[in-house]
Amino acid sequence: MKGCYAPRIGGWDTHGLPVELEVEKQLGISSKSQIEEYGVDRFNELCRQNVNGYLHEFEELIERIAYWVDLEHPYITMSNDYIESCWWAIKQMWDKGLVYQGYRVTPHCPRCGTSLSSHEVAQGYKEDTEDPSVYIKFKVLKDSSGSLPVDKPVYLLAWTTTPWTLAGNTALAVAPDAEYVVLEGEKDYLVMAARLVGAVGLDDYQEVNKLEGKALVGVDYQPLFNPHDFNVERLRFQEDGSLLEQKYDKSLTYRVISGDFVTMNDGTGLVHIAPAFGEVDYEAGKEWGLDFVQQVDLQGNITGSYPFGGKFVKDADLMIIDDLKSRGLLLRSETIRHTYPFCWRCEAPLLYYAKETWYIKTTAMKDGLISGNNEINWYPEHIKYGRFGDWLQNNIDWAFSRERYWGTPLPVWRCESCGQLDCIGGLDELKQKDGFSGLKEPLDLHRPFVDELTFACSKCGSQMKRVPEVIDCWFDSGAMPVSQLHYPFENKELFDKELNQADFICEAVDQTRGWFYSLHAISTLLFNKPCFKNVICLGHILDPRGEKMSKRKGNVVWPFEVIKKYGADALRWYLYTASAPGNPRQFDEKQVNEVSRRFLSTLWNVYSFFVMYANIDNYTPSDEPASSTEAELDRWILSELNQLIKDVDTALDGYNPTDAGRKLENFVDGLSNWYVRRSRRRFWKSENDADKLSAYNTLYRCLVTLAKLMAPFTPFLAEELYRNLVRSAFPDAPESVHLADFPVPDEGQIDKQLADDNRLAMKVCSLGRAARSQAGIKVRQPLETFYVGVTSDWEKHALDRAASLVLEELNVKELMYDSLEKVAGLEGSGYAVASETGNNVAISTYITAELEAEGMAREIVHRVQNMRRSAGYDIADHIIVYYEADAFIMQSLSSFADYVMQETLSRHIEDDVPDEVDLKETFKISGYTILLGVKKAE
RNA sequence: GGGCCAUUAGCUCAGCUGGUUAGAGCGCAGUCCUGAUAAGACUGAGGUCCCUGGUUCGAGCCCAGGAUGGCCCA
């Protein structure tokens, strides 16, 4: 509508663990070995089918909510082309030395058998998780500090919530500068941090000595479990960070080290270190050259011949506690509730586990990530340097490999004999390798077919085989800008010249670490520039109680249900206008209903009002611009309309749909409840004069403009209005409102003075109705005089311009002005007064006989109108009115016969009600009785 | 434990750079209007603008501390 070409390719994220999990469920299996047994080829085929099954459902939703994307040429992340572009991207990074294999501690899901990225872990924290909380005694063997007593055994007291890691303990860490104490008990001594004694609660122990943490460094203690006794290998960190297997040692000891990570927040100030099971522990292991004992396998089962060997770690906890207890090494065991990460899909508890993983060295581009972000325009602004900026500041390397099946294969080949690595950036590159073989038709770059592609090692000539990993599906989505175009294999020029940076992206706030990040990171690593220029970052839709919706909790509102009930436009309008897009919102479908009633149906009613009368009068819209009109009301609404165009345009330019929507709501309210209400007669009167035409032209213009302004918001309603109002009258017009030009304001029609004048008139009318209401006199009863308190000439002038409106709206005969004081002083002397800051009005309450008669005539008109409606007459039908009543009504009807006939479209009024009328009814009006009958005129 | 956001009427939300008596819609009670309207108008009840300090002639808004909730990270 703004004349810009806006390609928006629809796309499908098709890889990833969620799909695998569904297929596992479908097959009734739950482990990697079962998948291998079933056959990776068949398994992945089911994954493909599973994904395809969902596409239709999404397409339907996208169509139904009028989400404007090209669904006919979508990108699909599982297609060979898409994968090939991902390979290309990885190869670029590989060539820059940004891809490496590290042996590091990662959150590991023992059930899925794979590492989770930090963004995945973030999704799975659960509060109030119950875990054991155990205090363990490590027996001191040799004290080099000389500050520990020797007359009874001395124990170092440590604390953990993961007893299963204790067999992997190879050190204890202290805070070097913190104060530690030696406590004496009946049979032994305990050592721990001074500040935490109270929290641990050791009533049976007395403090006998104090020492600094650093004094404890180097103290030797006895391992809880010597790995050699349980057939578990013991490795040790070497200078270069690698691990070397150690020989059998019957009298193994471990020692106390110091660490700046030791806090006094909880525990005992002596931190249990298991380098195989914690990131901090691993780093400490490297730093201090500690032993490395990994007595747990990737399925989370304890290995070795421990009494609890073969058990799943969480199940082993209790057995370990019992074992320690029986050996007198347990001080206490309790249960605590804390926050612990679980697998976001399968809900298995995550284990921190040291293993080999492929990384992208995003930290190498940290400055670029941050400076790129500085160029991005974020809404709401705080995300830029808040959530997203912080995330970039604390950037860590992206662990992007997954030991799974249904994903883009990691394009790294390794020589079976010499270990040489080669990264492949495209299919042709692969095919041109010496000794390339294994290709099958039709081509499928997924496992297991890709695993059969081999070639000769350039170094030693042996066979190169692909490494087993696939990649994080977030890499797939982050590579979308290039992969959707199969860049650089196709569309190279198009991408390089035009489509390498998006103007706009809109996702919810959870994507700061998801898609926003993966797009930004990959774009920065590949092209050193941000992926997108402007972002609207949505808050989440919460349930009516303010809780996040999740399938697991069962509090999800399904879009289709809401749409079925209220329509897509109503849902859309609600989402735009309820609150700023960045705010989380508590969703209640009642509010969608309200939006639809208050706004959409009001607009629809204005439209159908217009259509009804336009048809009666055979109005033909002219495409001439609405010329200068005599009617103030027309000039007023056109002024408002042009102001609206300006406001909506400005708001949308500023990525603020909420303000734009609210301006539209205000305008439609004014259009319906002031412009149309005050203009009804102009449409209704029988002469087709210039004033009537001006009213039609004006309302037509308003509706057509509204249709265009609202097209981006409520595409269906806008299209309906446009097709009927514009397309049917002008066959040459663009066939859809969405192809029409967005309105441009005509500044010349914006009349600030007129707007102010009208605002005053509306306010005065509102006060007048308040005064009437206070006096208990209905608007149908005409009154004589309406006084307005004015403070300036412009107010007087403004009201004079709108005098006829005010008189008619308030059903009074004359409009007078006086000072605020004088008007206020009229109270009680035959006037009712109403006031509000800066304004007051008074309305005469004395009803003369003549006013009463006129009021009666209006009452009768009202009754006849209702009868017309009940009788089912068409709005343009002429009728005959019959009545029987007493002298007062008779007199009233004869004085105001012309008025009554005109208002009710009656040919004549008869003072007798014959039997053959269409409808008759008796009314009681202010104490008078009247029998009315109506009949359609010939 | 850290970061970000929020807290205004029973509910959902406005309140622009500090400036009279803090608003809207819904809901509630009542009155009225209506030949477009399953609409609408008016009146009423309903507020410690989360709390405590501070800055200021003046604070819903600015500052500090705290509370509660949400999200994110550990």
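All values reported here derive from a predicted model rather than from experimental measurement. Each chain gets a letter, A, B and so on, in the order the sequences are listed, and its residues count up from 1. All values below were derived from every heavy atom in this structure, side-chain atoms included, with hydrogens, water molecules and symmetry-related copies excluded.
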Take the protein atom [atom1] of [X] and the nucleotide atom [atom2] of [N], then report the distance between them rounded to whole Å.
X: A/K384; N: B/G3; atom1: NZ; atom2: C1'; result: 18 Å
X: A/E809; N: B/A41; atom1: CD; atom2: P; result: 11 Å
X: A/H540; N: B/G69; atom1: NE2; atom2: C1'; result: 16 Å
X: A/M762; N: B/A41; atom1: CE; atom2: C1'; result: 12 Å
X: A/I383; N: B/C4; atom1: CD1; atom2: C1'; result: 7 Å
X: A/L664; N: B/A24; atom1: CG; atom2: P; result: 21 Å
X: A/N866; N: B/C33; atom1: CG; atom2: P; result: 11 Å
X: A/R513; N: B/G3; atom1: CZ; atom2: P; result: 14 Å

Original post:
How far apart are the closest heavy atoms of A/T658 and A/S579, and which atoms are they?
Top reply: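 Closest pair (atom of A/T658, atom of A/S579, distance): OG1-O, 3.4 Å.
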Subject >> Range-with-range stems of RNA chain B (Watson-Crick or G-U pairs under 3.5 Å, three or more in a row) >> reply: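 Consecutive-pair runs (3 or more) involving RNA chain B: B:1-7 with B:67-73, B:10-13 with B:23-26, B:28-32 with B:40-44, B:50-54 with B:62-66.
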Inter-nucleotide [atom1] distance ([N], [M]), Å rounded:
N: B/A45; M: B/G23; atom1: P; result: 13 Å
N: B/G58; M: B/G53; atom1: P; result: 16 Å
N: B/C72; M: B/C16; atom1: P; result: 29 Å
N: B/A38; M: B/U52; atom1: P; result: 49 Å
N: B/C71; M: B/C33; atom1: C1'; result: 48 Å
N: B/U17; M: B/G10; atom1: C1'; result: 34 Å
N: B/A9; M: B/G46; atom1: C1'; result: 6 Å
N: B/C13; M: B/C57; atom1: P; result: 37 Å

**OP:** May I ask you to test the A/Y517-A/T512 pair for a side-chain heavy-atom distance under 4.5 Å?
**Re:**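 A side-chain contact is absent here, since even the closest heavy-atom pair is not under 4.5 Å.
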**OP:** Kindly indicate whether the side chain of A/Y566, heavy atoms from C-beta on, has any atom under 4.5 Å from the side chain of A/V595.
**Re:**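 No. Closest side-chain heavy atoms not under 4.5 Å.
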Original post:
With a 6.0 Å cut-off on ring centres, are A/W604 and A/Y607 close enough?
Top reply: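 Centroid separation for A/W604 and A/Y607: below 6.0 Å.
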Selected nucleotide, minimal atom distance to [X] side chain, candidates [options]:
X: A/R780; options: B/C42, B/A39, B/U34; result: B/U34
X: A/R858; options: B/G40, B/U34, B/C4; result: B/U34
X: A/N605; options: B/A36, B/G40, B/C5; result: B/A36
X: A/R680; options: B/G40, B/A36, B/G3; result: B/A36

**OP:** Starting from the 5' end of RNA chain B, give me the residue, A/V864 or A/R769, whose nearest nucleotide shows up first.
**Re:**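 Looking at RNA chain B, the more 5' nearest nucleotide goes with A/V864.
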Subject >> Residue closer to the 5' end of RNA chain B, A/L671 versus A/D510 (nearest nucleotide) >> reply: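 Checking each residue's closest nucleotide, the 5'-ward one belongs to A/L671.
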Under 4.0 Å, heavy atoms only, any strand: does [X] hit a base, just the sugar-phosphate, or nothing?
X: A/V595; result: nothing
X: A/V606; result: base
X: A/S601; result: nothing

Subject >> Side chain A/Q781, main chain A/L851, donor-acceptor under 3.5 Å >> reply: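 Yes; at least one donor-acceptor contact below 3.5 Å.
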Subject >> Test item: A/N373 side-chain N/O and A/K384 main-chain N/O as donor-acceptor pair under 3.5 Å >> reply: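 Checking the backbone N and O of A/K384 against the side chain of A/N373, a donor-acceptor pair under 3.5 Å is found.
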Subject >> Residues in side chain to side chain contact (heavy atoms under 4.5 Å, CB included) contact with A/D569, at least two apart in sequence or another chain >> reply: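 A/D569 satisfies side chain to side chain contact (heavy atoms under 4.5 Å, CB included) with A/R572, A/L600, A/T714, A/P715, A/F716, A/L717 only.
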Would you please name every residue forming a ring pair (Phe, Tyr, Trp, His ring centres under 6.0 Å) with [X], sequence neighbours left out?
X: A/Y352; result: none
X: A/Y574; result: A/F587
X: A/W515; result: none

**OP:** Scan for salt bridge (charged side-chain N to carboxylate O under 4.0 Å, His left out) pairs involving residues 768-777 of chain A, sequence neighbours excluded, and state none if there are none.
**Re:**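 Non-adjacent pairs meeting salt bridge (charged side-chain N to carboxylate O under 4.0 Å, His left out): A/R769-A/E809.
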**OP:** Can you tell me which residue pairs pass the salt bridge (charged side-chain N to carboxylate O under 4.0 Å, His left out) test with a partner in residues 589-601 of chain A, sequence neighbours excluded?
**Re:**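 Pairs touching residues 589-601 of chain A that pass the test: A/K565-A/E589, A/E594-A/R598, A/R598-A/E665.
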Distances under 3.5 Å only, N/O to N/O: pair up the protein atoms with those of nucleotides 26-29 of chain B.
| residue | atom | partner | partner atom | Å |
| --- | --- | --- | --- | --- |
| B/C26 | O4' | A/E594 | OE1 | 3.4 |

Original post:
Could you give all pairs that pass the ring pair (Phe, Tyr, Trp, His ring centres under 6.0 Å) test and reach residues 855-874 of chain A, with sequence neighbours left out?
Top reply: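 Qualifying pairs: none.
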Original post:
Does a salt bridge link A/R759 with A/D756, judged by any charged N lying under 4.0 Å from a carboxylate O?
Top reply: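 Salt bridge: yes.
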Subject >> Which residues share a side-chain hydrogen bond (donor to acceptor under 3.5 Å, both in side chains) with A/Q586, sequence neighbours left out >> reply: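 Partners of A/Q586 by the side-chain hydrogen bond (donor to acceptor under 3.5 Å, both in side chains) criterion come out as none, since no residue qualifies.
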All N/O contacts under 3.5 Å from nucleotides 63-68 of chain B to the protein, with atom names and distances to one decimal?
none

Original post:
Just to confirm, is there a sub-4.0 Å distance from OP1 or OP2 of B/A36 to any side-chain nitrogen or oxygen of A/Y613?
Top reply: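 For B/A36, OP1 or OP2 has a side-chain N or O of A/Y613 closer than 4.0 Å.
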Please produce a list of atom pairs where a protein N or O lies less than 3.5 Å from an N or O of nucleotides 11-17 of chain B.
| residue | atom | partner | partner atom | Å |
| --- | --- | --- | --- | --- |
| B/U12 | OP1 | A/Q586 | NE2 | 2.8 |
| B/U12 | O4' | A/Q591 | NE2 | 3.2 |
| B/U12 | O2' | A/Q591 | OE1 | 3.3 |
| B/C13 | OP1 | A/Q586 | N | 3.4 |
| B/C13 | O2' | A/A578 | O | 3.4 |
| B/C13 | O2' | A/R662 | NH2 | 3.2 |
| B/A14 | OP1 | A/N583 | ND2 | 3.2 |

**OP:** I would like to know whether A/Q902 and A/D898 meet side chain to side chain donor-acceptor pair (under 3.5 Å); could you show each step before the answer?
**Re:** CA-CA 6 Å; A/Q902 190 196 324; A/D898 287 347; over 6 Å; no
**OP:** Indicate, yes or no, whether a donor-acceptor pair under 3.5 Å links the base of B/C71 to the side chain of A/R387.
**Re:**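 Indeed there is one.
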